[in-house]
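Worksheet: one structure, shown below.
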Amino acid sequence: RRSSDLHHFIRGFFDGDGSIGWHKHNRTVRLGFCSGSDVFLGWVLDTLGEAGDVGQRAMVHSKQSKTKAFELTGDAAVKVAEWMYSDGGESLCLERKLSKFKRCCSRLEAKRAACADRRQATVREMVTLYEQGMSYREIAEIVGSTKERVSYYLGKTDITKRSKKP
């Protein structure tokens, strides 16, 4: 098999024995692959690793059946799915899995945007409190963070640092 066609082959395997969804605990995209063959699933895992950064992954063996599986979450899952659906992959695939992938990515983007909005609001609050004369420790207590995190975010703003008291 040509290496340039591997993403089509992996996508076909995924369409048959893969799953995609929203990881409720981590609140992110989740891709799962399963097979009855340790060797084949190991090859798939190695191939995905060569195709992109999927981090350390281990196969899980089911005690009730003879199946083995592994799961990718977050950015690793998105990278692998984008790779599988690249180069015309959207035209020859299971439409329901592609559609679910797109919905999960939209949900992930919305989550990331909401987190960024909350972070910006918290940093604005930190700046306001700092300008009112509060210390990093006091600000951290109010916003529910650490003084190191307050220092980090205030350091990224253009506020004028106060001189330390003698």
Side-chain angles (χ1 to χ4, degrees), residues 1-127 140 143-146 148-150 152-153 155-157:
R1 188 163 280 290
R2 292 188 332 227
S3 63
S4 63
D5 292 333
L6 282 176
H7 65 291
H8 296 298
F9 179 77
I10 299 289
R11 187 185 61 255
F13 167 63
F14 172 76
D15 280 348
D17 288 329
S19 63
I20 188 162
W22 187 253
H23 196 290
K24 290 180 183 176
H25 177 70
N26 295 338
R27 295 179 301 176
T28 191
V29 180
R30 177 197 54 76
L31 281 183
F33 293 83
C34 68
S35 174
S37 168
D38 273 344
V39 175
F40 180 69
L41 205 56
W43 174 82
V44 170
L45 192 55
D46 291 343
T47 301
L48 295 177
E50 291 170 12
D53 180 19
V54 295
Q56 290 288 93
R57 298 289 179 258
M59 282 188 277
V60 176
H61 300 269
S62 171
K63 291 181 181 173
Q64 289 100 5
S65 68
K66 300 208 184 273
T67 19
K68 288 81 179 163
F70 69 87
E71 191 174 85
L72 304 172
T73 58
D75 289 337
V78 172
K79 284 180 190 177
V80 166
E82 286 174 342
W83 174 74
M84 288 190 308
Y85 292 118
S86 67
D87 192 28
E90 289 191 24
S91 61
L92 187 59
C93 66
L94 260 170
E95 180 58 38
R96 68 180 171 80
K97 285 192 178 179
L98 174 60
S99 178
K100 196 167 190 179
F101 167 64
K102 289 179 177 180
R103 284 193 315 270
C104 287
C105 284
S106 294
R107 191 172 177 183
L108 182 61
E109 288 305 311
K111 176 192 153 203
R112 287 181 174 167
C115 286
D117 290 346
R118 282 193 305 274
R119 187 178 309 111
Q120 286 176 347
T122 302
V123 170
R124 281 193 302 271
E125 183 181 6
M126 288 177 185
V127 168
V143 299
S145 188
T146 64
E148 291 78 18
R149 184 62 52 186
V150 170
Y152 172 79
Y153 282 116
K156 291 183 158 277
T157 66

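Taking CD1 of Ile20 as the start and CG of Leu94 as the end, the distance is 11.5 Å to the nearest 0.5 Å.
Side-chain contact check for Lys100 versus Lys97: every heavy-atom pair is 4.5 Å or farther apart. A heavy-atom distance below 4.5 Å is not found between the side chains of Phe9 and Thr47. By the 4.5 Å heavy-atom criterion applied to side chains, Phe101 and Leu31 are not counted as neighbours. Looking only at side-chain heavy atoms (C-beta outward), Ser145 and Tyr153 stay at 4.5 Å or farther from each other. Proximity of Cys104 to Arg30: side-chain heavy atoms (C-beta onward) are nowhere separated by under 4.5 Å.
Here the closest non-hydrogen pair linking Tyr85 and Leu98 is OH-N, 3.6 Å.
Between Arg103 and Ser99, the side chains place a donor N or O and an acceptor N or O closer than 3.5 Å (distance only, hydrogens not considered).
Looking only at distances, a side-chain donor or acceptor of His7 sits under 3.5 Å from a matching main-chain atom of Ser86.
Judged by the 6.0 Å and 45° rule, Arg11 forms no cation-pi pair with Phe14.
Of the residues Val80, Asp15, Leu48, the one that meets the side-chain contact (heavy atoms from CB on, under 4.5 Å) test with Ile10 is Leu48.
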Chi angles and distances behind the side-chain contact (heavy atoms from CB on, under 4.5 Å) call for Leu45, Phe33
CA-CA 9 Å; Leu45 192 55; Phe33 293 83; over 6 Å; no
Determine, step by step, whether Arg27 and Trp22 satisfy the side-chain contact (heavy atoms from CB on, under 4.5 Å) criterion, reporting the C-alpha distance in whole Å, the side-chain angles of both residues, the deciding distance to 0.1 Å, and the verdict.
CA-CA 7 Å; Arg27 295 179 301 176; Trp22 187 253; 4.1 Å; yes
